[in-house]
Amino acid sequence: MDSEERIGVYICHCGTNIASKVDIAEIVEFAKGMKGVIVAKDYKFMCSDPGQGLIEKDIKEYNLNRIVVASCSPLMHEKTFRKVCERSGLNPYLFTMANIREQCSWVHIDENAATEKAKALVAAAIRRSAFLEPLERREVSINPTTLVVGGGIAGIQASLDLAEAGKKVVLVEREPSIGGHMAKFDKTFPTLDCAACILTPKMVQVGQHPNIELFTYSEVEDVSGYVGNFKVKIRKKARYVDENLCNGCGMCMEKCPGTRVPRKGNVHERLSLGPTSAIYLPSMQAVPAVPVIDRNSCIYFQKGKCRICEKVCERDAINFDMEDEFHEFEVGNIIIAAGFQTFDPSVVIRYRYGLLPNVLTAMDFEIMNCASGSTGGKILKSDGTEPKSVGIIHCVGSRDKRYHEYCSRVCCMYALKFAHLIKEKTNAEVYNFYIDLRCFGKGYEEFYDRLLGEDVRFVRGKVGEITDLAIHPGEQGKLIIRVEDTLIGAVRRVPVDMVILATGLEAPEGLAELAKKCNVSVGKDGFIIERHPKLGPVATATDGVFIAGACQSPKDIPDTVAQASAASSAVLSMIMRGKIEIESATAEIDEERCSGCRICNDLCPYMAISFEEEKGVSVINEALCKGCGTCVAACPSNAITAKHFTNEQIFSEIEGLLQ
Amino acid sequence: MTFEPRIVGFLCNWCTYTGADLAGTARIKYAPNLRAVRVMCSGRIDPTFVIKTFLEGADGVLIGGCHPGDCHYQEGNYKALRRYKLLKKILPDYGIEPERLRLEWVAASEGDRFAKIVDEFTEEIRALGPLSFGESIAESMSLDIDPHKELEGREEEK
C-alpha cells in the first residue's frame, strides 16, 4: 500500500441508463468525502474517448495513483479502463470498478434505494482501491496450431480459413465422415442450391489439405492448459479399416453379408444415405472415403465367423484387431463447432411419430429426398406409392415450453423448401400448419412469396393431433390432422397421405461434457454461452476457446459459415499477435509464514503447488496458477496471498459495503 | 418504517456474478438489499469473510458459486460447500442464526433465478429481523478473524 493513496473517482451516467435511477450528483459528493479521494467527477459516458481522456488528464494533473470508475459491470469495461491507466503510466491493477448499472440501476425500481446501494458499491470500491498493489504483466506465447471440434459446415469453414492462411489445424469429427447435417441435404433454402455440389468440394479440400490433420470417428477425450497452450487428447475409435491402406474401392461393402440398421429405433430406419451393409460409408461422398465396421451388425464380431471383407480387400486394409488409439496435441486455440441434433418427436405422443409409418421427421424427409438416399430421391409413402397430399407441421419441439422455448430459426424455411420440392416432384397438395412464419433472411420472404404462387396452402394453427382414426367419409386410409385454424376460428380435420414434422434443433448429445472439458458453460437451453450476446458472439468466457455454428444456438447455413469465419479470424488474430497477456492475479506463498503443512498441495486443481523438501515450505508455480484462490482460503497460517484479491482488499470492500 | 436488511453476496466471477449481470441486462427487478463482492471463485471465500461481514453489521450473507460440476476452476465450488457447512455449524456459537447464511449455485445463464433468490433471501432475513449480538462476542469474533490483530498477538507473545 502506498503511504499516501491519491484516488480519482469517476461516476458514469451511461446516458440515462444509470442517471435515471441513481442520483449521480449525490454519489459524486459522497465520494469526495471519502478518505484518500483527491478528485471525484461524473461524465455522460466514461467509456467514450472524452471520458477516457478525462481520467488520463486527471492522472497527470493530480498525480493520482488509484482510479475508481463506477459504471457498468467489470466484465464489460474493466479492460477498457485498465488500458486507460496503463496509457497514463499507472499499473492497470491499481484500477477498481464499481458495478452500478447491471447490478444496481437496471435492477431496482426505487431511486433512493438504488442511490443508497450505489453509494455502498462506490464506497467499497474506494476502500478496496486503497489496498491495491501494482502487479507485473504476464504474457504467454500462442501456439499457432488450432483444434477444431466438429466437422460440419462450421468446422469445415473454420478449418479451411485457418489452413489457407498457412496455419496448422487438428480437426476432430465424431462421425466416420465430415460433412455434418449439411451433407445429408439435397437442396438448401432459399436458393435451392444443391447442398452436395457446394459442400463436397470443401470436404475434399479438407481431406487433402496439407495443413489439416483430420481425425474422423474420433472424440476429444481431454483438454488441459490455458490460452495459447492447450494440451488435447483425442480418442480415435477403432474403425477396423486402416485409413492408410484403404483406397475406397468399395468391394468390402459390396460383398458384406451383414445388414446394418442405419438409425436404430427409428420407424424410418430403412432410410439411409449410404450402403446398409455392416461395413459401410455414411454416404457416397464421405471424406475420408474409408468404410467403418459397425460392430453390432458385423457377423464376425457377433458370431465369430465371416471375415469376407478381409478376404476381398486387395489392400489388406481390414484389421479386426484394431483398438481405440489416443493422440495428443498441443494447440493454442480451440474452436468448438459441434453443431446440433434434431428434436426427437416421439415424445410428442399426440403426433404418433414411430406409430404411424407415414409420419416423418424433417431429417427422414431430407434423406428420402436426397438423390443418393435409399429411395433415390423419390418421395414415397411406406407402401411405395407417391403421396397425393402432404401436411407439414411447424414448430415441433420449438416454441413450446414443454420442449424447447426457443425458436429453431431454420424450420420455417426448410418447411417451405419441402413444400416446394414436394410440389415439384409429386404435384401433391401441400398444407403448412404454422404458428408464425419467420422468413427473416436474405431472399427468404421472396421465397415464401414464390410458394404462395405455387398453390401451397397455409393454415395458421398449432396441430392438436395426428390420427388414422377416420370418422368422416374420405378419411379412410388417411392421416387426419386435427387443428384449430385460428384465422377462421374453427377446428378442422385435414386428411393427408403423409405428414412431415418440422422438428426443431437442440444441443447435440455430449455438448455439455465437451463444453466442460474446454472450460466453457452451456445455458439453460443446452447451447454454449458466448462471451457477449451482441459483441462477443464467437468468443467464450474462456480465453482461447471460440464457438461457431449451431452449438451456440440454432442457425442456418449462411449464419453458420459467417460465424465460422469470424471464429477463425479471431483465432488468426491471436496467432498473428503471437502473445497474449494473461491475468496477473495469481497466488503467492510467504515462506516466512508457511508451516509446511501441505494442506494447499492437494487442494490445487492445477497441481501448481509443490512442496520444497529442503526449505520445508510449499511453493506455487505461477505459470500454472490460475488465481482461483482456493488455497488461500484454506491456508491455516494465512501464508498465501491471492494477488488482487487479498484478505485486506476484500475486508476493506466489506467495510465499504456496510459503512 | 420496515426493517431493510443489509445483505452481502460473495459471488464467483464466472457463474453467479455473470448471472447477476444477466439479470441486469434483462432488466429483471429485485430487492436492492444485496450488495455483491466479486471473487474469482467461490473457493476463494474464506470463512473469515463471512464472519467479518456479520461483524460489520450485515444481516445476511449469500455465497454464490457455479453449479456442481461447472466450476471454472474445476472444483472450487465443492470447497466452498464444505466451508459453508462448517460455517453453518459455527455460526450459532456466535449467536448468529445459521439461516442468515445461504449458499446458492447460480449459472451465468440464470439471471431470473438470481433475482428470485435475492428476493426470497431478503424476505427471509426481513422476517428474522436485524442481527444483534453482544459486544463481548463481537470482540472475540474480531480477534478470531482479524489478520492484523492475530499478528499483533503473536508478536506480543514473542
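No hydrogens, no waters, no symmetry mates; every other heavy atom, side chains included, goes into these values.
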Residue part contacting chain B, namely of Ala634(A), when any heavy atom lies under 4.5 Å: both
Please tell me if the side chains of Ile28(B) and Val107(A) come closer than 4.5 Å, counting only heavy atoms from C-beta onward. no
Taking atom NZ of Lys524(A) and atom CZ of Arg113(B), what is their separation to the nearest 0.5 Å? 10.0 Å
Going by atom types alone, do Asn519(A) and Tyr73(B) pair a side-chain donor with an acceptor below 3.5 Å? no
Counting only N and O atoms by type, is there a donor-acceptor contact under 3.5 Å from the side chain of His108(A) to the main-chain atoms of Lys29(B)? no
If I measure from the heavy atoms of chain B, does Glu655(A) come under 4.5 Å with its side chain, its backbone, both, or neither? both
Heavy-atom cut-off 4.5 Å, strictly under: side chain, backbone, both or neither for Ala541(A) against chain B? both
Bottom line for Gln659(A): the part with an atom under 4.5 Å from chain B's heavy atoms is backbone
Rounded to the nearest 0.5 Å, what separation is found between the CG atom of Asp46(B) and the CG atom of Asn638(A)? 7.0 Å
Minimal heavy-atom distance between Ala633(A) and Arg83(B), with the atoms involved, is CB-NH1, 3.3 Å
Gap between atom CD of Glu653(A) and atom CZ of Phe10(B) - 0.5 Å precision: 8.5 Å
Checking the side chain of Arg44(B) only, and the main-chain atoms of Val632(A) only, is there a donor and an acceptor separated by less than 3.5 Å? no
Give, as side chain, backbone, both or neither, the part of Asn17(A) having an atom under 4.5 angstrom from any heavy atom of chain B. side chain
Cut-off 4.5 Å, heavy atoms of chain B, and the answer for Lys516(A) is side chain
Winner by heavy-atom pair count (cut-off under 4.5 Å) against chain A, out of Gly69(B), Ala23(B), Cys66(B): Gly69(B)
Going by heavy atoms in the side chains, are Ser521(A) and Asp70(B) under 4.5 Å from each other? no
Tell me whether Glu405(A) at atom CD has more than 12 heavy atoms from other residues, nucleotides or ligands lying less than 6.0 Å away. no
With only heavy atoms counted, which part of Cys15(B) is less than 4.5 Å from chain A, the side chain, the backbone, both or neither? neither
In terms of heavy-atom proximity below 4.5 Å to chain A, should Ala26(B) be classed as side chain, backbone, both, or neither? neither
Report the distance from atom SG of Cys628(A) to atom CG of Asn13(B), rounding to the nearest 0.5 Å. 12.5 Å
Got more than 12 heavy atoms from elsewhere within 6.0 Å of NZ, Lys517(A)? yes
I want to check something: taking the side chain as every heavy atom from C-beta on, are Glu56(B) and Phe651(A) in contact at a cut-off of under 4.5 Å? no
So with a 6.0 Å cut-off around NZ of Lys88(B), is the heavy-atom count from everything else above 12? yes
Under 4.5 Å from any heavy atom of chain B, what part of Leu658(A) do you find: side chain, backbone, both or neither? both
Would you say that more than 12 heavy atoms from the other residues, nucleotides or ligands in this model lie under 6.0 Å from the CG of Asp602(A), or not? no
Could you check Leu657(A) against Thr53(B) for side-chain contact (heavy atoms from CB on, under 4.5 Å), going step by step and ending with a plain yes or no? CA-CA 9 Å; Leu657(A) 284 179; Thr53(B) 308; over 6 Å; no
Segment of Tyr17(B) engaging chain A (4.5 angstrom heavy-atom cut-off): both
Leu22(B), part contacting chain A, at a heavy-atom distance under 4.5 Å: neither
Name, in order of residue number, those residues of residues 32-43 of chain B that have a heavy atom at a distance of less than 4.5 Å from a heavy atom in chain A; otherwise write 'none'. Pro32(B), Leu34(B), Arg35(B), Ala36(B), Val37(B), Arg38(B), Val39(B), Met40(B), Cys41(B), Gly43(B)
Which one wins on heavy-atom pair count under 4.5 Å against chain A: Gln74(B), His72(B), His67(B), Glu75(B)? His72(B)
For Gly76(B) and Thr630(A) the tightest heavy-atom approach is CA-OG1, 3.9 Å
State, to 0.1 Å, how close Phe49(B) and Ile654(A) come at their nearest heavy-atom pair, and which atoms those are. O-CD1, 3.7 Å
Would you confirm whether Asp21(B), through its side chain, and Glu102(A), through its main-chain N or O, come within 3.5 Å as a donor-acceptor pair? no
Side chain from CB out, backbone as N, CA, C, O: work out which of these in Asp112(B) comes under 4.5 Å of a heavy atom of chain A, or both, or neither. side chain
